[in-house]
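Please read the structure below before turning to the comments.
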Amino acid sequence: MSDERSLRDIRLAKLARMRELGHDPYAVERFERSDSAENLVAKAESESTESVMFAGRVVSYRLMGKAGFAHLSDGDGKIQGYFKKDDLGEVGWELYQLLDIGDHVGVEGELFRTRTGEPSIHVRRLTPLSKSLQTLPLGKEKDGESWYGLTDTEQRYRHRHLDLLSNAEARRKLVARAKLTSAVRRFFDGRGYLEVETPLLQLVAGGAAARPFTTHYNAYDLDVKLRISLELYLKRLICGDLPKVYEIGRVFRNEGVSNRHNPEFSLLEFYEAYTDLEGMMETVEDLFRAVATEVFGTTVVRFDDGTELEFGGRWRRVVLLDEIERLSGVPKAALGSLEAAKVALGEREVVNPATGKRIVAEEEHTLGGLIEKLLEVFVEPTLQEPTFVIGYPIETSPLAKKEPGNPKMTRRFEGYIRGREVCNAFSEINDPVDQRERFEQQLGQRAKGDEEAHPMDEEFLYALECGMPPTGGCGIGIDRLAMILTGADTLREVIFFPTMKPEKGEAAE
RNA sequence: GGGCCGUUAGCUCAGUCGGUAGAGCAGCUGACUCUUAAUCAGCGGGUCGUAGGUUCGAGUCCUACACGGCCCA
């Protein structure tokens, strides 16, 4: 073999030789495996010498003359194979010598322990199941510490299969996210909720403050939008007397990418008739307890930084305006109007504790905007343990019922964990006249240039006019939830294929 | 949108003052029938992100752009 050929050409030549030997790896369709690598290792450790079959990817390879070793990985675990010329025969031995790290093989042999005690398979028969034509970024490891491997973040996201097969921690987070989603489904299914699917293509993309993606439906020669939330269609189902519904679905928001934003993400929304905020809070508590137990096996979740959070009990509950008063010194009484709030802020020289800079009230155009700013600066950092923050301003809550005693605030709460919002819930407006007024206020903001203001939705209003029972509703971003529970630094660590800009030459025509 | 940083072999990374490209792993050849970051001997491998500019000469300096990362808004 010439040294000048590419690594890929060399592997193609090995593939051709395997075929000459009558072992075309790509021709094999089926290979029974006795057990997982993890379980086989456990059996061998307990001195079992039973005959087993196993298949996996070659992740290490050590040849010593007329015998050798290779570790085979099934993705979650690995077990060492011992290959000896005397046992494999001429053809089998040549097949072993033609292996590369990255190939898939099937082996048959007995469990045993090597002289150094490592649980292994003494291989009697070797079946190539796939040739890897590419060198894989598989790191080496010793004492649990790995060398090399794939660390370039961009490559990890663009070639996620390499990340999954080579980085155990990345794999763990992504798998935990997938399990989390199915745990959520089991939770609601077990509580008598109906899982439903509602349209992704919508004429009016509502239910949230965000800019939609637009696409075109050729058959109707119609511009349509991709949904930005699930809310309005789900509430139309409540109006159809389906009293407990939920949906887990992809929504799309036409905005930038960051640690906490991906333009497409998975949203869980659930709605239950005849319940209120307290009912929703209890459901959220139960949901987190169930999910933590299923995904992590415990309600005490431990994070990489050593902190632990308990999801077994009742969450802390605080009222937003009370917390702002307590933490910023701005009296609740001054938060009744934008003018009074600006005066109060001006008198007190309220300082952002994180930056040391004064809060400039003049930058805010609405009372709601100012209150949310104070929430972000003063309250959010204090919300480490699971906490519900109750009572949000009306301008930013166009679908939530008004507070009976304070029409500038709404019956809405958000759940926080480790300073980050994990859910958003309210007592849904079921007064069609109130809802129409809210939409009209939103249209006013839209006219002033707020592209994220909520559009009018006449079909939704018609459903409300037909009668919607009192209803509690809640939305939870599955990706952010997975991020928080797995301790990931960025959303992209819990999305298999995060949105990336195309590399040069990769863009579609 | 702004600032900073990164982009060199399949992977992880060096590269000094501007002088024609380096290591480990992976690969190839050989030795080795219990290794495990196997070992030992030898060998090959580069559009230095892209495009310009300065210079006798650019991985290195300058400009623009692309992609990514971090921070800020």
Side-chain angles (χ1 to χ4, degrees), chain A residues 1-14 17 41 44 58-73 78-90 92-93 96-103 109-110 112-124 131-159 161-163 165-167 255-261 352 354-357 359-360 363-364 373 376-377 489-493 498-507:
Chain A
M1 284 185 206
S2 160
D3 295 346
E4 270 104 68
R5 287 180 304 169
S6 70
L7 300 180
R8 186 168 180 276
D9 287 342
I10 291 164
R11 293 192 174 204
L12 280 169
K14 289 180 182 175
R17 180 58 187 155
V41 165
V58 176
V59 294
S60 73
Y61 183 83
R62 294 174 294 284
L63 168 66
M64 291 153 299
K66 298 184 178 62
F69 293 88
H71 276 99
L72 306 182
S73 164
K78 61 185 177 182
I79 185 165
Q80 179 174 255
Y82 174 52
F83 304 80
K84 203 159 69 158
K85 186 177 182 184
D86 297 344
D87 301 324
L88 293 166
E90 288 295 332
W93 183 243
Y96 172 75
Q97 292 178 92
L98 289 167
L99 292 181
D100 285 297
I101 288 173
D103 293 356
E110 311 88 53
F112 79 115
R113 293 176 69 156
T114 62
R115 257 174 229 163
T116 55
E118 173 155 355
S120 306
I121 300 173
H122 189 138
V123 178
R124 306 288 175 177
K131 188 82 192 144
S132 171
L133 301 181
Q134 300 284 341
T135 56
L136 303 185
L138 281 165
K140 299 201 165 191
E141 59 181 56
K142 187 186 188 182
D143 305 328
E145 200 180 339
S146 64
W147 274 254
Y148 320 112
L150 188 67
T151 62
D152 184 281
T153 311
E154 181 175 355
Q155 298 308 317
R156 288 183 47 231
Y157 296 156
R158 289 195 194 277
H159 308 299
H161 61 288
L162 296 178
D163 194 31
L165 68 87
S166 62
N167 291 326
E255 50 198 36
V257 169
S258 79
N259 278 357
R260 289 167 189 70
H261 296 85
N352 181 335
T355 63
K357 290 186 191 162
I359 305 289
V360 185
E363 288 171 1
E364 297 300 334
K373 169 120 189 168
E376 184 190 323
V377 171
D489 297 325
T490 143
L491 210 58
R492 291 174 155 204
E493 293 296 329
T499 303
M500 303 285 284
K501 262 200 180 185
E503 290 179 290
K504 212 171 186 178
E506 198 190 4

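Every chain is numbered from 1, with letters handed out A, B, ... down the list of sequences.
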Next on the checklist: Students often get this wrong, so: under 4.0 angstrom with heavy atoms, is G68(A) touching a base, only sugar-phosphate, or nothing?
Outcome noted: nothing
Item to check | C34(B) and A21(B), which share atom name C1', separated by this distance in whole Å | outcome: 41 Å
Item to check | Partners passing side-chain contact (heavy atoms from CB on, under 4.5 Å) against L7(A) (at least two apart in sequence or in another chain) | outcome: T135(A)
Checklist entry - U12(B) phosphate, OP1 or OP2: any side-chain N/O from K140(A) under 4.0 angstrom? => result no
Checklist entry - Just how far, in rounded Å, is P of C28(B) from CG of L63(A)? => result 11 Å
Item to check | Among C34(B), U33(B), U35(B), the nucleotide that comes nearest once only the side chain of A67(A) is considered | outcome: U33(B)
Next on the checklist: Looking at every non-hydrogen atom in both residues, tell me the closest pair between A44(A) and S120(A) and how far apart they are.
Outcome noted: CB-N, 4.3 Å
Checklist entry - Taking CD from Q155(A) and P from G6(B), how many angstroms apart are they, rounded to a whole number? => result 18 Å
Next on the checklist: Roughly how many Å apart are A14(B) and A51(B), using the C1' atom of each and rounding to a whole number?
Outcome noted: 27 Å
Checklist entry - Using atom C1' of each nucleotide, how far apart are A41(B) and G53(B) to the nearest Å? => result 48 Å
Next on the checklist: Would you say CZ of R8(A) has more than 12 non-hydrogen atoms from neighbouring residues, nucleotides or ligands within 6.0 angstrom?
Outcome noted: no
Next on the checklist: Heavy atoms only, 4.0 Å cut-off, all strands: where does E118(A) land among base, sugar-phosphate and nothing?
Outcome noted: base
Checklist entry - L99(A) or F112(A): which one's nearest nucleotide on RNA chain B is closer to the 5' end? => result L99(A)
Checklist entry - Say you pick atom C1' in A58(B) and the same atom in U12(B); how far apart are they, in whole Å? => result 26 Å
Next on the checklist: Would you say R62(A) places a side-chain N or O within less than 4.0 Å of OP1 or OP2 belonging to U35(B)?
Outcome noted: no
Item to check | N or O in side chain of K85(A) less than 4.0 angstrom from C32(B) OP1/OP2 | outcome: no
Anything under 3.5 Å between a protein N or O and an N or O of nucleotides 68-73 of chain B, put it in a table, one pair a line.
| from | atom 1 | to | atom 2 | distance (Å) |
| --- | --- | --- | --- | --- |
| G68(B) | OP1 | K501(A) | N | 3.1 |
| G68(B) | O4' | E154(A) | OE1 | 3.0 |
| G69(B) | OP1 | R492(A) | NH1 | 2.5 |
| C71(B) | OP2 | N259(A) | ND2 | 3.4 |

Next on the checklist: Measure CD/Q97(A) against P/G27(B) and give the value in whole Å, please.
Outcome noted: 14 Å
Checklist outcome for this item: Taking A38(B), U33(B), C28(B) as options, the one with an atom nearest any side-chain atom of K66(A) is U33(B)
Checklist outcome for this item: Quick note, P137(A) side chain, CB onward, closest among U35(B), C34(B), C11(B) is C11(B)
Next on the checklist: Rounded to whole Å, please give me the gap between NE2 in H159(A) and C1' in G10(B).
Outcome noted: 12 Å
Item to check | Nearest-Å distance for atom pair CG/P, residues D100(A) and C25(B) | outcome: 17 Å
Checklist entry - Across the strands shown, which category fits I101(A) at heavy-atom distances under 4.0 angstrom: base, sugar-phosphate, nothing? => result nothing
Next on the checklist: Roughly how many Å apart are G69(B) and G27(B), using the P atom of each and rounding to a whole number?
Outcome noted: 31 Å
Checklist entry - For K84(A), which contact category applies under a 4.0 Å heavy-atom criterion: base, sugar-phosphate, or nothing? => result base
Checklist entry - Which value, in whole Å, describes the distance between the P atoms of nucleotides G2(B) and U47(B)? => result 33 Å
Checklist entry - Taking atom P in both C13(B) and U55(B), what distance in whole Å separates the two? => result 36 Å
Next on the checklist: Distance criterion of 3.5 Å, no angle test: do you see the side chain of T151(A) paired donor-to-acceptor with the base of U12(B)?
Outcome noted: no
Checklist entry - Going by atom types alone, do Q80(A) and R62(A) pair a side-chain donor with an acceptor below 3.5 Å? => result yes
Checklist entry - Which ranges of RNA chain B pair up as stems, where a stem means three or more consecutive Watson-Crick or G-U pairs with both distances under 3.5 Å? => result B:1-7 with B:66-72, B:10-13 with B:22-25, B:27-31 with B:39-43, B:49-53 with B:61-65
Listing, residues 64-73 of chain A side-chain donor-acceptor contacts under 3.5 Å, not counting sequence neighbours, or none:
| from | atom 1 | to | atom 2 | distance (Å) |
| --- | --- | --- | --- | --- |
| H71(A) | ND1 | S60(A) | OG | 2.9 |
| H71(A) | NE2 | E118(A) | OE2 | 2.7 |
| S73(A) | OG | G75(A) | N | 2.9 |

Checklist entry - Just checking F83(A): base, sugar-phosphate only, or nothing, at a heavy-atom cut-off of under 4.0 Å? => result nothing
Next on the checklist: By nearest heavy atom, map S120(A) and L7(A) onto RNA chain B; which one lands nearer the 5' end?
Outcome noted: L7(A)
Next on the checklist: Once side-chain hydrogen bond (donor to acceptor under 3.5 Å, both in side chains) is applied, do any residues pair with R492(A), and if so which ones, sequence neighbours excluded?
Outcome noted: none
Next on the checklist: Suppose we screen for side-chain hydrogen bond (donor to acceptor under 3.5 Å, both in side chains). Which residues come up paired with T151(A), at least two apart in sequence or across chains?
Outcome noted: none
Next on the checklist: Measuring only between side-chain heavy atoms, which start at C-beta, is L162(A) closer than 4.5 Å to L136(A)?
Outcome noted: yes
Checklist entry - Closest to the D86(A) side chain: C34(B), A38(B), U33(B)? => result U33(B)
Next on the checklist: So Q134(A), base contact, sugar-phosphate only, or nothing? Heavy-atom distance under 4.0 Å.
Outcome noted: nothing
Item to check | R8(A) CZ - A26(B) C1' separation (whole Å) | outcome: 17 Å
Next on the checklist: Test of understanding: with ring pair (Phe, Tyr, Trp, His ring centres under 6.0 Å), list the residues that count as partners of Y96(A), not counting sequence neighbours.
Outcome noted: Y61(A), F83(A), W93(A)
Checklist entry - In whole Å, what is the span from the CG atom of L98(A) to the C1' atom of G27(B)? => result 14 Å
Checklist entry - Could you give the CG-to-P distance, from L150(A) to A9(B), as a whole number of Å? => result 14 Å
Checklist entry - By side-chain hydrogen bond (donor to acceptor under 3.5 Å, both in side chains), which residues pair with Y82(A), not counting sequence neighbours? => result none
Checklist outcome for this item: Among G10(B), U35(B), A37(B), the one nearest any side-chain atom of T135(A) is G10(B)
Item to check | Residues V123(A), L88(A); criterion side chain to side chain contact (heavy atoms under 4.5 Å, CB included); working and verdict | outcome: CA-CA 8 Å; V123(A) 178; L88(A) 293 166; 4.0 Å; yes
Next on the checklist: With rounding to the closest Å, how many angstrom separate the C1' atoms on A66(B) and A23(B)?
Outcome noted: 30 Å
Item to check | Partner residues of D100(A) under the side-chain hydrogen bond (donor to acceptor under 3.5 Å, both in side chains) criterion, sequence neighbours left out | outcome: K14(A), K131(A)
